[in-house]
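Residue numbers begin at 1 in each chain, while the letters A, B, ... track the order of the sequences. As the structure is a computational prediction, the values presented were derived from the model and not from experiment.
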Amino acid sequence: AQKITQTQPGMFVQEKEAVTLDCTYDTSDQSYGLFWYKQPSSGEMIFLIYQGSYDEQNATEGRYSLNFQKARKSANLVISASQLGDSAMYFCAMREGFMKTSYDKVIFGPGTSLSVIP
Amino acid sequence: DSGVTQTPKHLITATGQRVTLRCSPRSGDLSVYWYQQSLDQGLQFLIQYYNGEERAKGNILERFSAQQFPDLHSELNLSSLELGDSALYFCASSDPALGSGSYEQYFGPGTRLTVT
């Protein structure tokens, strides 16, 4: 079963507009972490934002915010004021089993390709 | 710059050969993760080491092995290489010894392996 689902293989957004990239996850752990990464065409994986399962506030980092809805098991990434440099693949990931021997792992979703249009 | 280093950046080798990929984690991080990213399989978790010990295993083939050394750098060994092993291999690190309690994970630039 898919643990991380990103239902939007490709998205387009106008420059300066906001965009939401969807992510849903599945875990039975109470303690877990959710991440978003950006992978531009150059290939590097850039850490964007992190949300812990016990964090009550939604995480924000500059133009990035994570819309965390724990009951719905969703962790959507919101990018405000899109820029041309935001064009990239975006991966949602989950770490569960934190520090539990043989269980601690990070699982990535299939990614969403975002294209910012001038 | 994430602080995670990987060498080499590119590697071209022939089928049947063996290669070693090297990773140095961010200063103070105890965990090292290895991932394989190929076009058809996406980003696959291979294996995790924590402070020198294997912590978790993912979709790692028996032809692949890894270890983490006392200085916390890690090596991923790929043997009997096949065309399908061509991929981008990432190392990531997390879990600083003086932990903040967060699960953040930082990636190295990757090693692009081409098997011909």
Side-chain angles (χ1 to χ4, degrees), chain A residues 2-6 9 23 25 27 29-55 57 59-61 64 66 68 75 88-113, chain B residues 1-6 9-10 23 26 29-60 86-97 99-114:
Chain A
Q2 286 278 10
K3 287 248 181 176
I4 301 284
T5 303
Q6 295 180 252
C23 173
Y25 60 92
T27 182
D29 277 15
Q30 295 302 307
S31 179
Y32 53 90
L34 297 155
F35 311 79
W36 278 90
Y37 291 88
K38 171 184 176 182
Q39 187 176 38
S41 57
S42 52
E44 70 266 35
M45 292 286 283
I46 302 167
F47 168 77
L48 294 178
I49 196 166
Y50 162 81
Q51 177 87 41
S53 58
Y54 290 116
D55 295 341
Q57 305 260 10
T60 58
E61 291 284 348
Y64 304 107
L66 199 152
F68 181 46
M89 279 292 284
Y90 288 81
F91 293 94
C92 177
M94 174 176 67
R95 183 176 180 184
E96 57 181 354
F98 181 59
M99 297 302 282
K100 293 177 186 169
T101 304
S102 81
Y103 183 64
D104 187 352
K105 57 175 65 175
V106 181
I107 303 157
F108 281 75
T112 294
S113 176
Chain B
D1 184 350
S2 67
V4 180
T5 61
Q6 286 187 251
K9 284 196 77 170
H10 302 276
C23 167
R26 289 189 320 159
D29 280 359
L30 298 176
S31 282
V32 168
Y33 297 75
W34 286 98
Y35 295 89
Q36 178 192 59
Q37 187 179 34
S38 55
L39 283 174
D40 56 345
Q41 296 275 351
L43 198 64
Q44 299 284 320
F45 166 69
L46 296 178
I47 197 164
Q48 182 210 1
Y49 280 82
Y50 176 80
N51 204 18
E53 303 213 345
E54 184 183 300
R55 171 75 65 182
K57 255 183 174 177
N59 303 319
I60 188 165
S86 294
L88 191 51
Y89 290 84
F90 285 108
C91 161
S93 78
S94 70
D95 304 327
S100 62
S102 81
Y103 303 177
E104 294 172 29
Q105 191 179 72
Y106 293 87
F107 279 71
T111 293
R112 186 168 296 281
L113 174 67
T114 303

A:Ile49, A:Val106, A:Ile107: which one forms the most heavy-atom pairs within less than 4.5 Å of chain B?
A:Val106
Which answer fits B:Leu88, side chain, backbone, both or neither, if we ask what part of it has an atom under 4.5 Å from a heavy atom of chain A?
side chain
Assign the ring pair A:Phe35 / A:Tyr50 to parallel, tilted or perpendicular, where the plane angle (0 to 90°) is split at 30° and 60°.
tilted
B:Tyr49: what forms a side-chain hydrogen bond (donor to acceptor under 3.5 Å, both in side chains) with it, not counting sequence neighbours?
none
Engaged part of B:Gln37 at the chain A interface, taking heavy atoms whose separation is under 4.5 Å:
side chain
Report the C-alpha distance between A:Phe68 and A:Asp55 in whole Å, list the side-chain angles of each, state the deciding distance to 0.1 Å, and finish with yes or no for side chain to side chain contact (heavy atoms under 4.5 Å, CB included).
CA-CA 9 Å; A:Phe68 181 46; A:Asp55 295 341; 5.9 Å; no
Side chain to side chain contact (heavy atoms under 4.5 Å, CB included) between A:Phe108 and A:Met45, worked out
CA-CA 12 Å; A:Phe108 281 75; A:Met45 292 286 283; 3.7 Å; yes
